[in-house]
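Keep in mind that the numbers below use all heavy atoms, side chains included, and drop hydrogens, waters and symmetry copies. Residue indices begin at 1 and follow the sequence shown.
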Amino acid sequence: MKKISLLGSTGSIGRQSLEVVETLGCEVAVLTANRNIELLEIQCRKFRPRLAVCMDSEAAETLKIKLADTDIKVMSGMEGLMEAALWDGVDIVLTAVMGMVGLRPTLAALKKGRRVALANKETLVCAGELVMEAAERYGGEILPVDSEHSAIFQSLQGCGNRGEVKRLILTASGGPFFGKKREELEKVTVKEALRHPNWSMGAKITVDSATMMNKGLEVIEAMRLYAMPLEKISVVIHRESIIHSLVEYCDNAILAQLGTADMRLPIQYALTWPERVPGPATPLDLLTCPHLTFFAPDEENFPCLALANEAAKEGGTATAILNGANEAAVAAFLAGRIGFMDIPRRVEKALKAVP
């Protein structure tokens, strides 16, 4: 029985991860959240972890009172998150926190030689070289939880030599504004941006999908995860989200992973690899699934993808600047302080202004 530490248990990925963990019969050793103590308390009482962590210190004090009738230890802040990553006896650290907060616990878990099931793309975008170096030096593993990177990982299983790979092809749904022009995008609302056509995700990643920044971050992530140069990674719009990504080989064969838009499948594979076992993911019915369509990405009206590629070419800390500016801009958009197209404008300004 595998013992899991789940960082970010109350978010979309975290909740689905607990469904998978329950189906697999894994032991939940640690649960962490930001400040959603209502849901975290419910999860703690159901899965009985040894440690619960809230990033928000006031929330942690409240949770401590709520769990006073249990033997669950409660901690807070980065100290608690680091303890979660290093908790004794844990086999897998599933990192589903949002933003740069995931970097330090990810590095700590890898230096402990643990498997990290990574759903926190910002960690690789901002500090991919450090993370991959730590994994190699200390014998840790990084298994991708993103559906696209899981698809690539699965499609690489039969690859004996990475030199055989001609191209990694990331698929993108195109988000809720596919086909719209810049003039129309200037007027979109937060409510409209949060209506993803295929996936149910958190607010930040849903907006990133709408701007195409999410795909730009995934391109950078792919460069780090698979040690591939930017010119060997491409993006194609695939509205149906049936093909989750593809690998093209030097003999022009293309391998792809297909499935329903269900995150429980990549979550489970990151936990059970190299084995496959029955799980809760919805099966794909080929007789009823829609026709598959493909389009080139529109970088003129959705400039975030081009900005991410520019940062990837620049290297150094440019990708960290890209990510930090995007996090701030998306937060401002969700708060109603800036417009939708101000997001790429703010990111571009930061890339030019910050050394």
Side-chain angles (χ1 to χ4, degrees), residues 1-18 20-22 24 26-124 126-127 130-135 137-143 145 267 270-271:
M1 185 192 295
K2 288 185 173 124
K3 192 177 288 188
I4 311 293
S5 177
L6 176 52
L7 313 187
S9 67
T10 59
S12 175
I13 295 294
R15 295 193 303 270
Q16 292 175 85
S17 296
L18 286 175
V20 172
V21 165
E22 187 174 18
L24 297 177
C26 299
E27 179 184 343
V28 178
V30 182
L31 292 174
T32 86
N34 185 16
R35 60 171 65 90
N36 187 351
I37 55 174
E38 290 76 16
L39 179 53
L40 184 56
E41 182 190 1
I42 292 169
Q43 292 173 342
C44 284
R45 293 192 179 279
K46 180 174 182 178
F47 292 95
R48 291 289 173 168
R50 304 303 301 159
L51 172 68
V53 177
C54 288
M55 283 302 292
D56 183 88
S57 58
E58 290 184 10
E61 288 302 316
T62 303
L63 183 67
K64 193 177 293 185
I65 295 168
K66 287 178 177 287
L67 295 177
D69 61 322
T70 74
D71 59 353
I72 300 171
K73 182 179 180 180
V74 177
M75 295 182 68
S76 66
M78 183 54 70
E79 181 186 1
L81 209 58
M82 294 294 285
E83 184 71 12
L86 297 171
W87 191 257
D88 190 47
V90 163
D91 301 299
I92 301 173
V93 178
L94 202 166
T95 308
V97 295
M98 188 186 75
M100 273 292 289
V101 72
L103 175 58
R104 286 182 62 195
T106 297
L107 283 171
L110 290 172
K111 288 177 180 179
K112 197 85 169 174
R114 289 178 172 166
R115 174 178 295 187
V116 174
L118 190 65
N120 172 246
K121 61 172 56 68
E122 294 88 352
T123 288
L124 285 178
C126 296
L130 296 176
V131 174
M132 300 309 294
E133 181 189 358
R137 178 181 295 183
Y138 298 99
E141 292 180 318
I142 302 175
L143 274 290
V145 170
I267 291 167
L271 299 180

Test your reading of the model: is there a side-chain donor-acceptor pair from [X] to the backbone of [Y], 3.5 Å cut-off?
X: Asn34; Y: Cys54; value: no
X: Thr70; Y: Leu67; value: yes
X: Arg15; Y: Thr10; value: yes
X: Thr32; Y: Gly8; value: yes
X: Arg48; Y: Ala29; value: no
X: Gln43; Y: Ser9; value: yes
X: Glu61; Y: Ser57; value: no

message: My understanding is that only one of Val90, Val28, Leu51 makes a side-chain contact (heavy atoms from CB on, under 4.5 Å) with Ser5; could you say which?
response: Val90
Hey, could you give me the [atom1]/[atom2] distance between [X] and [Y], rounded to the nearest 0.5 Å?
X: Met75; Y: Trp87; atom1: CE; atom2: CH2; answer: 8.0 Å
X: Leu18; Y: Ile13; atom1: CG; atom2: CD1; answer: 11.5 Å
X: Ile92; Y: Ile4; atom1: CD1; atom2: CD1; answer: 4.0 Å
X: Ile42; Y: Asn36; atom1: CD1; atom2: CG; answer: 8.5 Å
X: Leu40; Y: Lys66; atom1: CG; atom2: NZ; answer: 11.0 Å
X: Arg35; Y: Thr62; atom1: CZ; atom2: OG1; answer: 12.0 Å

Side chains of [X] and [Y]: closer than 4.5 Å at any heavy-atom pair?
X: Leu110; Y: Ile142; value: yes
X: Leu94; Y: Ile267; value: yes
X: Glu22; Y: Lys46; value: yes
X: Leu6; Y: Val30; value: no
X: Arg114; Y: Glu141; value: no
X: Val145; Y: Leu118; value: no
X: Leu107; Y: Thr123; value: no
X: Glu27; Y: Lys2; value: no

[X] to [Y] - nearest heavy-atom pair and separation:
X: Leu86; Y: Ala108; answer: CD2-O, 3.5 Å
X: Ala96; Y: Ala119; answer: CA-CB, 4.2 Å
X: Ala59; Y: Ile37; answer: O-CG2, 3.4 Å
X: Leu31; Y: Pro49; answer: CD1-CG, 4.0 Å
X: Ala117; Y: Leu271; answer: CB-CD2, 4.4 Å
X: Gly77; Y: Val53; answer: O-CG1, 4.2 Å

message: So for atom CZ, which belongs to Arg137, do other residues, nucleotides or ligands contribute more than 12 heavy atoms lying within a distance under 6.0 Å?
response: no
query: Crowded around Met55 CE? As in, over 12 foreign heavy atoms under 6.0 Å?
result: yes
Under-4.0 Å salt bridge between Asp88 and Arg50: no
- prompt: Between Ser12 and Gln16, does any side-chain donor sit less than 3.5 Å from a side-chain acceptor?
  reply: yes
message: With side-chain contact (heavy atoms from CB on, under 4.5 Å) as the criterion, how do Arg45 and Asp69 come out once you've worked through the C-alpha distance, each side chain's angles and the decisive distance to 0.1 Å?
response: CA-CA 10 Å; Arg45 293 192 179 279; Asp69 61 322; 3.0 Å; yes
message: Test side-chain contact (heavy atoms from CB on, under 4.5 Å) on Val116 and Leu143; report intermediate values, then the result.
response: CA-CA 6 Å; Val116 174; Leu143 274 290; over 6 Å; no
